[in-house]
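A quick note: this is a predicted structure, and the numbers were derived from the prediction, not measured.
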Amino acid sequence: MEKLDFCISQERASFSPAVVDSIYHVFADADYHIRHYAIPDSLVFAATLGGEGRLMLEEKNFFLHPGTALLFDASKKPFEYLCTGASWDFWWFEFRPTEPDFPSLPQETVLSLPLEDFHLRLCSESLASLKLKNSAAASSLLISLLSLLGQKDYGLSNVRGGVGLFQEADRYIRRNLATATVQSTALHLGVCEHTLLNIFQALLGMRTVEYIQNLKTDMARHMLISGEKPIREIAWELGYADQFAFSKSFRKHFGISPSACRRAARSSSGGEEV
């Protein structure tokens, strides 16, 4: 049975830049599973203190471990969240932003944001204020919390630094383009996959898997234009399951098929089609 401390505000007041509507501090057991309707005009900020949880938003899955947090738009579609281990200890805030760029945290990205004692005190005091029907104070405390967390680097600070770690990942992927995966890259670098994701999201605005796929298709285009290898051989060298899978990925990325790309390159250079 989960332990729950919470408060739901009955006010519909407006404060700048955000209004908190509900706050939950949950210590869940293995049976915890919530199916939630969309929350109009609202964002959710969830921060994990201990245990493990998972949030399912449309077709996306976000795995939340101790010291991680997630911000997402809860207004679009129903969502689910559940405990995936023996327990899950987390804070959950539902709030309405009243200014367009608040907060400055990336959405739908698992962030490395461990809450320190001061942050935890802001969480507790925000909940206490909401219980006393002081929505203004509760909102101000949440605004302070999110503003402070927005100044962090989302887990990029480590002994090598986020940029250095990205460079190592890039070298590994390029040297092992046919076989590199998110899992193998993280294992090679000695970091967890969500740390790797945070770095790629923060530096490039894309997921690690998207970066690997982009490198593959860019290399494929280079091989098609500059060489004579058959398309099926290029697909094999780049680690695709078959020529069909390669062609589908290439068309999705460039908008044309591999064969059309090769023909266009030869035509523009005055070469003869074969």
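- Members clustered with Leu82: Met56, by chain and number, using a 4.5 Å side-chain heavy-atom cutoff among hydrophobic residues.
- Evaluation of the salt bridge (charged side-chain N to carboxylate O under 4.0 Å, His left out) test over residues 188-215, restricted to residues two or more places apart or in two chains, returns Arg207-Glu210.
- Scored by the salt bridge (Lys or Arg N to Asp or Glu O under 4.0 Å) test, Glu233 finds no partners at all (sequence neighbours excluded).
- With sequence neighbours left out, Asp101 forms a side chain to side chain donor-acceptor pair (under 3.5 Å) with no residue at all.
- In this structure Ser139 satisfies the side chain to side chain donor-acceptor pair (under 3.5 Å) test with no other residue, sequence neighbours excluded.
- Atom OG of Ser259 is separated from atom CZ of Arg251 by 7.5 Å, given to the nearest 0.5 angstrom.
- Partners of Trp88 under the ring pair (Phe, Tyr, Trp, His ring centres under 6.0 Å) rule, at least two apart in sequence or in another chain, are Phe90.
- The salt bridge (Lys or Arg N to Asp or Glu O under 4.0 Å) search around Lys77 returns Glu58, not counting sequence neighbours.
- Sorted by first and then second residue, the salt bridge (charged side-chain N to carboxylate O under 4.0 Å, His left out) pairs with a member in residues 119-132 read Asp5-Lys131; sequence neighbours excluded.
- Checked against salt bridge (Lys or Arg N to Asp or Glu O under 4.0 Å), Asp21 has the following partners two or more places apart in sequence or in another chain: Arg12, Arg96.
- Counting only residues at least two apart or in different chains, salt bridge (charged side-chain N to carboxylate O under 4.0 Å, His left out) contacts with residues 35-44 comprise Arg35-Glu80.
- When the side chains of ILVMFWY residues are joined at heavy-atom separations under 4.5 Å, either directly or via intervening members, Met206 and Phe250 end up in a single hydrophobic cluster.
- In this structure, Tyr172 and His188 have parallel ring planes: the angle between them is below the 30° cut-off, well short of the 60° mark.
- Under the 4.5 Å side-chain contact rule for hydrophobic residues, Ile199 and Leu215 share a cluster.
- Taking the ring pair (Phe, Tyr, Trp, His ring centres under 6.0 Å) definition, one finds that Phe6 meets it with Tyr24, sequence neighbours left out.
- Residues satisfying the side chain to side chain donor-acceptor pair (under 3.5 Å) test with Ser124, not counting sequence neighbours, are none.
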